[in-house]
2 protein chains.
Amino acid sequence: MYRNVHPIAEGLIRQCGGRATAGRIGILSVLLSAQQAMTHREIEQCLLETLPLDRVTLYRGLEWLVAQQLIHKVASGDRVWRYHANGKAYSHQHAHFKCTGCSQVICLDDLPLERQWPLPSGYRLQEVELTVKGLCADCS
Amino acid sequence: MYRNVHPIAEGLIRQCGGRATAGRIGILSVLLSAQQAMTHREIEQCLLETLPLDRVTLYRGLEWLVAQQLIHKVASGDRVWRYHANGKAYSHQHAHFKCTGCSQVICLDDLPLERQWPLPSGYRLQEVELTVKGLCADCS
DNA sequence: TTAATTTGCGCAACTTTGTTGCATTTATGT
DNA sequence: ACATAAATGCAACAAAGTTGCGCAAATTAA
């Protein structure tokens with residue numbers, strides 16, 4: 001399935017001036033064709049048959065892709081990072097929904113985070129991390 | 001400093017019908033007199049001289065206090081739980097601010113979380129986790 | 001096309017955060 | 001003070017993530 005996006009992934013990586021290695025292309029392809037944010041584990045599992053990568057390589061690949069802003073990291077409250085490809089739709093700040101049933105994480109684009117958040121005086125806002133938890137359509 | 005709150009902590013624990021052990025009283029006292037949410041590490045460090053607790057005991061003490069709703073857990077995106085005493089002000093859902101400079105976490109009571117969050121149809125909301133990141137007055 | 005160089009990969013070992021099982025100790029009601 | 005249920009401490013384990021280093025592969029230069 002996600003093989004279709006290989007050329008796209010490779011193009012994106014080359015545009016960043018980085019080496020287009022099998023690992024990076026594979027990782028980015030998985031994330032590009034994923035519907036939700038994925039954990040390190042899930043990505044590893046997904047690549048297991050076609051491209052078995054070392055844990056460390058996967059971590060470093062993800063780290064690099066985040067640095068290039070091709071993907072972004074999501075902290076969803078269970079001490080595990082999740083990763084999601086940055087489509088045009090996701091280049092801005094956005095909230096996430098985490099299903100307490102199946103643990104899947106999706107992006108909520110409709111939630112406006114660019115509003116004013118009242119902070120104590122002297123405090124400066126940099127980023128807003130909003131995770132709505134609940135049950136998805138399948139689990140409820 | 002936090003010795004003053006020992007009797008208060010003990011009272012709160014007894015009200016829950018739990019054993020008033022030195023460990024629980026110590027942990028709750030630290031959190032009651034803390035200005036921000038604290039990590040397991042910070043609490044351990046804080047008790048080191050007066051009441052050196054086993055790591056596991058501390059984890060279990062915190063777990064119990066959370067179950068009794070005397071304290072609450074905060075997930076602040078760095079894979080580390082933080083704990084904060086539940087004053088009256090904190091018994092409702094509220095947001096947190098995490099300083100990207102000094103990593104301290106404070107509670108933001110003014111942010112209304114009880115508003116409507118637009119979710120996909122079929123999705124049911126359970127809980128909202130909102131962390132605003134930025135620089136605190138000291139770090140900016 | 002080949003050689004040189006830079007960059008990424010894989011392995012092993014380590015760290016941090018948190019959990020589980022079990023024997024011992026302690027708080028509390030009688 | 002005594003019995004007992006519950007909390008503690010120890011050891012071992014587990015998951016997520018990081019670091020160092022030699023080797024291999026992707027670019028670049030020749």
Side-chain angles (χ1 to χ4, degrees), chain A residues 6 9-29 37-48 50-68 70-71 73-83 98 103 105, chain B residues 6-7 9-29 37-48 50-68 70-83 98 103 105:
Chain A
H6 272 218
E10 184 169 350
L12 288 167
I13 290 166
R14 288 194 193 280
Q15 274 176 37
C16 295
R19 284 196 188 171
T21 66
R24 286 178 182 171
I25 296 171
I27 298 168
L28 184 52
S29 296
M38 296 176 76
T39 64
H40 175 274
R41 263 294 175 82
E42 290 164 344
I43 300 167
E44 190 177 34
Q45 206 62 32
C46 196
L47 287 170
L48 201 60
T50 49
L51 183 74
L53 284 180
D54 188 77
R55 279 164 19 85
V56 180
T57 304
L58 180 45
Y59 274 118
R60 288 201 266 234
L62 289 167
E63 192 181 6
W64 186 85
L65 290 168
V66 168
Q68 308 308 312
L70 290 175
I71 64 175
K73 241 180 179 175
V74 184
S76 43
D78 56 358
R79 299 174 30 252
V80 182
W81 293 113
R82 277 156 219 271
Y83 300 87
K98 176 165 190 195
S103 294
V105 175
Chain B
H6 272 220
E10 184 169 348
L12 288 167
I13 289 167
R14 286 192 194 280
Q15 275 177 35
C16 296
R19 285 198 189 171
T21 65
R24 287 177 181 173
I25 297 171
I27 298 168
L28 185 52
S29 296
M38 295 175 76
T39 64
H40 176 273
R41 263 293 177 81
E42 289 164 346
I43 300 167
E44 189 176 34
Q45 205 62 31
C46 196
L47 287 170
L48 200 60
T50 50
L51 182 75
L53 285 180
D54 187 76
R55 277 162 24 83
V56 179
T57 305
L58 181 42
Y59 275 117
R60 289 202 265 232
L62 289 167
E63 193 182 5
W64 186 85
L65 290 168
V66 168
Q68 308 308 311
L70 289 174
I71 65 176
H72 64 272
K73 240 179 178 176
V74 185
S76 42
D78 55 0
R79 301 176 28 255
V80 183
W81 293 112
R82 277 156 219 273
Y83 301 87
K98 174 163 191 200
S103 294
V105 175

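Predicted model only: the values in this text are computed from it and were never measured. Chain letters run A, B, ... following the sequence lines, proteins first and then strands; every chain starts at 1.
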Next on the checklist: Let's go through B:Ile27 and B:Ile71 carefully: what are the C-alpha distance in whole Å and the side-chain angles of both, what is the deciding distance for side-chain contact (heavy atoms from CB on, under 4.5 Å) to 0.1 Å, and is it a yes or a no?
Outcome noted: CA-CA 10 Å; B:Ile27 298 168; B:Ile71 65 176; 5.6 Å; no
Next on the checklist: B:Gln68 vs B:Leu65, test: side-chain contact (heavy atoms from CB on, under 4.5 Å). Steps then yes/no.
Outcome noted: CA-CA 5 Å; B:Gln68 308 308 311; B:Leu65 290 168; 5.7 Å; no
Next on the checklist: Could you go through B:Lys98 and B:Asp78, starting from their C-alpha distance and side-chain angles, then the distance that decides it, and tell me whether this counts as side-chain contact (heavy atoms from CB on, under 4.5 Å)?
Outcome noted: CA-CA 10 Å; B:Lys98 174 163 191 200; B:Asp78 55 0; 2.7 Å; yes
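The nearest whole Å value for the distance from the CG atom in B:Leu58 to the P atom in D:dC10 is 14 Å. One can place CD of B:Glu44 at 14 Å from P of D:dT8, the figure rounded to the nearest angstrom. Here the P atom of nucleotide D:dA7 and the CD1 atom of B:Ile27 are 12 Å apart, to the nearest Å. For B:Glu42 and C:dT16, the CD to C1' distance is 14 Å, given to the nearest whole Å. The CZ-C1' distance, from A:Arg41 to D:dA15, rounds to 7 Å in whole Å. For A:Arg24 and C:dT7, the CZ to C1' distance is 8 Å, given to the nearest whole Å. Note: CG (B:Leu62) to C1' (D:dT8) measures 14 Å, nearest angstrom. Rounding to whole angstrom units, CG of residue B:Asp54 and P of D:dA12 are separated by 14 Å.
Partners of A:Glu44 by side chain to side chain contact (heavy atoms under 4.5 Å, CB included), not counting sequence neighbours, listed by chain and number: A:His40, A:Arg41, A:Arg55, A:Leu58.
Just one of B:Thr39, B:Leu28, B:Leu62 meets the side-chain contact (heavy atoms from CB on, under 4.5 Å) condition when paired with B:Tyr83; it is B:Leu62.
B:Arg24 places a side-chain N or O within donor-acceptor distance of the main-chain N or O of B:Arg19, the cut-off being under 3.5 Å.
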Item to check | Protein proximity profile, nucleotides 18-30 of chain C - base contact B, sugar-phosphate-only contact S, no contact -, cut-off 4.0 Å on heavy atoms | outcome: BBBB----BBS--
